[in-house]
Amino acid sequence: DLTHAHSEYIQITAELGAAGLIFFILLIGTGIIMLSGLIRPQHAPETRLIGIGLLAGMAGFCVEAFFSFPLRLEVPLLLISFYLAVGMVLRQKQKPDKMLLHISRKMAACAIGVSLVLFSAGTYHQFNRIKADHYYFKAMAFTLVNQWPNARVFSEKSYDHNPYRFDNLIVLGRSYLETGNIAGAQNLFADLHLHHPYHTNTLLNLGTAYLNLGKRKKAMTLFEQAKKINPYCPDIDTQIANVYLLVKEYNNAYQYYLSARKNGSDNALVFYSLGWLESRKKERLWYAVWNYTEALKRSPGMVNIHANLAM
């Protein structure tokens, strides 16, 4: 997705500018400086150990932020808040005569009241987002073993808790495709496409929904857009080849199936289709047999492979 960089620092800079990045670094840096004061030799051993653990957690967050989006998840935010809160309490215990914050009792009471209100309102919200993350990761586990009905169940549960999680919407739409709810998949991916017009998976899956509904021209347009964004995706090559196969443009279909295989496709259908296309050329039957054999290795129960090999 061209609207998201795979780095929290770059993402913050893109959304908030250099000033936003500087503020974020100062915020995290101040916390690290505060926690580093807990590991000085004059402190008790248990305090130093806790300080080391808190610093390690903060360092892990900072490193992960270079390559991922920890601020988009709820648990990292809760952990960072916990690290800083524990650090402030320990620092205050070590220096009871030196207050980290100087505020009046009235201000403190107001702050506690506001905090309780915000905490009460936020707890339900955060709980929902954490549950959404939990169900999303369960759904992802089922997609890895192609158990799409189960993936759909947990993806829908994730959606119930957080209907705005983009990654889960992709999984939910894909599970609709795999379980036969083509209209639902089309509506979902069409809405995503409005907000993320250059997201490869959205283009690919929306095109697949159109193809299943018999709208070949719309499907091909989306596949070609996805191909421009990611020219080395074997799934895109496969779907373009499928369209050409349906309209009996066999040479184009053959070239795209071949491209899918070269780009790393392990899909039995790609090898089967190459075998079928090769079997139409009598002089290359040996290559058809090889492709059918490779397809059979990946999908032993595919009846058409056995029948075509026998012929």
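Partners of Arg261 according to the salt bridge (charged side-chain N to carboxylate O under 4.0 Å, His left out) rule, which considers only residues two or more places apart in sequence or in another chain, do not exist here. Qualifying salt bridge (charged side-chain N to carboxylate O under 4.0 Å, His left out) partners for Arg298, counting only residues two or more places apart in sequence or in other chains: Asp266, Glu294. Remark: Gln255 engages no residue in a side-chain contact (heavy atoms from CB on, under 4.5 Å) (not counting sequence neighbours).
Lys131 and Asp160 are not joined by a salt bridge, as no carboxylate oxygen comes within less than 4.0 angstrom of a charged side-chain nitrogen.
Residue Val243 is grouped with residue Tyr256 when hydrophobic side chains (ILVMFWY) are merged at heavy-atom distances under 4.5 angstrom, including chains of intermediate members. The hydrophobic cluster containing Tyr232 does not contain Phe223, counting ILVMFWY residues as joined when their side-chain heavy atoms lie under 4.5 angstrom apart, directly or transitively.
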Checklist entry - So Phe127 and Arg129, side-chain contact (heavy atoms from CB on, under 4.5 Å) or not? Walk me through it. => result CA-CA 5 Å; Phe127 174 78; Arg129 293 178 71 92; over 6 Å; no
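Ring geometry, His199 versus His196: the interplanar angle exceeds 60°, so the pair is classed perpendicular (tilted spans 30 to 60°). The aromatic rings of Phe66 and Tyr9 sit tilted, their planes meeting at an angle between 30° and 60°.
Contact between Arg40 and Arg48 at its shortest, heavy atoms only, is O-CD, 3.5 Å. Closest heavy-atom contact between Tyr257 and Leu277: CD1-CD1, 3.8 Å.
Thr208 and Gln239 form a side-chain donor-acceptor contact under 3.5 Å, judged by distance and modelled atom types alone.
Applying the salt bridge (Lys or Arg N to Asp or Glu O under 4.0 Å) test to residues at least two apart or on different chains, the pairs with a partner in residues 174-198 are Arg174-Glu178. Applying the side chain to side chain donor-acceptor pair (under 3.5 Å) test to pairs two or more places apart or on separate chains, those with a residue in residues 216-228 are Lys227-Asp237.
If you run side-chain contact (heavy atoms from CB on, under 4.5 Å) between Phe189 and each of Leu203, Leu177, Leu169, only Leu177 comes through.
Side-chain contacts under 4.5 Å among hydrophobic residues (ILVMFWY), followed directly or transitively, place Tyr136 together with Phe137, Met140, Val171.
Between Phe154 and His134, the ring centre distance reaches or exceeds 6.0 Å. Aromatic rings of Trp276 and Tyr250 (six-membered ring for Trp) have centroids within the 6.0 Å cut-off, being under it.
Side-chain contact between Ile39 and Leu55 is present, with heavy atoms from C-beta onward closer than 4.5 Å.
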